[in-house]
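Encoded as structure tokens, the structure appears first; notes follow it.
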Amino acid sequence: MLVAMIGSGTQNLIVFCVLVAFGILAWFSLRRNIRRIDFDETPSGPALKKRHDDETKA
């Protein structure tokens with residue numbers, strides 16, 4: 001009964017507001033997680049060490 005009382009314009013507005021809310025939450029979440037990445041950190045691992053050793057020999 002409640003759905004029948006809401007017009008299509010109101011339904012579109014509700015869907016739009018929900019999408020905007022999810023977009024804002026996703027933007028804040030991505031921004032927070034990207035801040036945690038240390039881009040200056042040197043990579044490590046056996047494959048990277050082997051490649052680095054090959055570069056120093058050449």
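These numbers come from the heavy atoms of this one structure, side chains and all, not from hydrogens, waters or symmetry mates.
Residues meeting the side chain to side chain contact (heavy atoms under 4.5 Å, CB included) test with Asn33, sequence neighbours left out: Ser29, Arg36.
Listed by chain and number, the hydrophobic cluster partners of Phe28 are Phe16, Val20, Ile24, Trp27, where partners are ILVMFWY side chains within reach of under 4.5 Å, directly or through others. If you chain together ILVMFWY residues whose side-chain heavy atoms come under 4.5 Å of each other, Leu19 ends up grouped with Val15.
In this structure, the separation between CD on Gln11 and CG on Leu13 is 11.0 Å, given to the nearest 0.5 Å.
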